[in-house]
There are 2 protein chains.
Amino acid sequence: MTTTKAACVGRPRGFDIDLALEQALNVFWRNGYEGTSLNELTEAMGIKKPSLYAAFGNKEQLFFKAIDLYENRPDSLINIAFQHERVADVIRGLLLGAAAQFTDCSHPQGCALMNSTFSCNEASESIKQTVLKRKSKHKQRLVDRFELAQNQGELQESCDPEVLASLMTALFQGLSMQASEGASLDELQKVATMAAEGILTVNVKR
Amino acid sequence: MTTTKAACVGRPRGFDIDLALEQALNVFWRNGYEGTSLNELTEAMGIKKPSLYAAFGNKEQLFFKAIDLYENRPDSLINIAFQHERVADVIRGLLLGAAAQFTDCSHPQGCALMNSTFSCNEASESIKQTVLKRKSKHKQRLVDRFELAQNQGELQESCDPEVLASLMTALFQGLSMQASEGASLDELQKVATMAAEGILTVNVKR
DNA sequence: TACATTTTGTACCGATAGGTATAAAATTAT
DNA sequence: ATAATTTTATACCTATCGGTACAAAATGTA
């Protein structure tokens, strides 16, 4: 009479659900949420619409799961950069890492979160809000890290950690957009280097 | 037998074509190209679809005309900033001007060109290409101005005008996005100030 | 007044959007 | 073998997309 058993009865799923989700992420990454149609998704995932809906709910929920996958990648930009001890290395790591990751040819160019947020009319307001929430969560991590650095005397007293985090975010958005538009790794590295140089000179004690 | 006369016969147009175009620009500015539907346009412009098509061609041509209107505004950011003699003032003017203009409440937030470029799937590739061309034209104006400044000894020899122009463009994109997401004038001014400070310290002789 | 011309509103077009009803196919449990 | 369950493929749904045919309305010209 133990009815709490996992469901393994019925016809087995004919595709790898994790791999399908990864393909979906790639499409959203490339085209954004509104720019991606169900047909594009099913084609990329190699499944038909009813299978997609049975496995992922609907387009919106599929998007959220794809973004979860994106943010939990081991090579997450912010996670890698935060491994550095000195805030100067964190800042350099974030900017140079963004240049590298946004132009990595093994996946679509730019940042998936930045690419997805645009051109969402009122219909997909929840998408916009969710992406905004994620972005502000990431920004808060930057704020916390910079506040820590300031408390440890690494940052000038004149430096507002909030403003510095906003500036970093703005640079990510710019780098992401330029990568999406086809900028090369070399170009973005130069831009990131110049940006880092200015930020470090003004805000970091030495 | 002079047949080359202007057309002033027939039922007169019942709306102001310039004002209608301005309304169309506002909608594109707010929602981007793909995010804007014909119904939204006609409602905002106060006309019906056949009138729109008779006056402007189609959605794509209407968009191009709206962007023309946007770029030929007298208070164009770049035109104002370029009035300064010293490149330091130009850079400050561009960044602070962007902060001010992108948060100006008399029109949608952010830069219309930046807002429009996103989420264009293959169907509207020509839109994407056109917007890209406009953006790179603006970037080239920055490159030229910075090259001039370097020739006049205002910029460090180590400064690559191309890279500096890319960095400025990236900052515009970031500021535009943050404005679109609801950032205040005060926030953006602080970000722009910090960015300008870093750029000037590193690249401008004094 | 009759006509040519242009704009207007209505009503429609085919294509595509996201999403689903349905029944056949493929599996485990009895 | 039969039943229960789940996934599959086909075919369809309604809503909306950009765009247009058509006739009535409004003007200038003859």
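Atom set for the values below is all heavy atoms of this structure, side chains included, hydrogens, waters and symmetry mates excluded. So you know, we letter chains A, B, ... as the sequences are listed, proteins then strands, and number each from 1.
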Gap between atoms CD and P, on B/Glu40 and D/dC17 respectively (whole Å)
7 Å
Among the candidates D/dT8, C/dT28, C/dT7, find the nucleotide nearest to the side-chain atoms of A/Arg13.
D/dT8
Between A/Asn39 and A/Gly57, which is nearer to the 5' end of DNA chain C once each is assigned its nearest nucleotide?
A/Asn39
Atom CE of B/Met45 and atom P of D/dG18: how far apart are they, to the nearest Å?
13 Å
Does the cation-pi check pass for B/Arg73 over B/Tyr70, that is, NZ or CZ under 6.0 Å from the six-membered ring centre and within 45° of its axis?
no
Go through the side-chain N and O atoms of A/Gln173 and A/Ser176 and say whether any donor and acceptor fall under 3.5 Å apart.
no
Please give, in whole Å, the distance from C/dT6 C1' to B/Phe15 CZ?
12 Å
Length of the line joining A/Glu34:CD and D/dC17:C1', which is rounded to integer Å
13 Å
Side chain A/Lys59 and base C/dG18 donor-acceptor under 3.5 Å:
no
Options D/dT20, D/dT6, C/dG9, nucleotide nearest the side-chain atoms of B/Tyr53
D/dT20
Consider the side chain of B/Lys49, meaning its heavy atoms from C-beta on, and name the nucleotide among D/dT8, D/dG19, D/dT10 that approaches it most closely.
D/dG19
B/Pro50 or B/Ser37, whichever maps to the more 5' nucleotide of DNA chain D
B/Ser37
Any heavy-atom pair between the side chains of B/Val202 and A/Glu197 that's under 4.5 Å?
yes
Looking at every strand, decide which applies to A/Pro12 at a 4.0 Å heavy-atom threshold: base, sugar-phosphate, or nothing.
sugar-phosphate
Could you state the atom-to-atom distance from CD of B/Gln61 to C1' of D/dG19 in whole Å?
13 Å
Distance, rounded to the nearest Å, where B/Leu38 contributes CG and C/dT16 contributes P
17 Å
Whole-Å distance separating the OH atom of B/Tyr33 from the P atom of D/dG18
8 Å
Residue pair A/Glu71 / A/His138, side-chain donor-acceptor N/O under 3.5 Å:
yes
How do B/Asn58 and B/Gly10 order along DNA chain D: which one's closest nucleotide is nearer the 5' end?
B/Asn58
For atom CZ of B/Arg11 and atom C1' of D/dA23, their distance in whole Å:
12 Å
Compare side-chain N and O positions of B/Ser51 against OP1 and OP2 of C/dT8 and report whether any pair is under 4.0 Å apart.
yes
Hydrogens and angles aside, do A/Thr169 and A/Lys135 bring a side-chain donor and acceptor to less than 3.5 Å of each other?
no
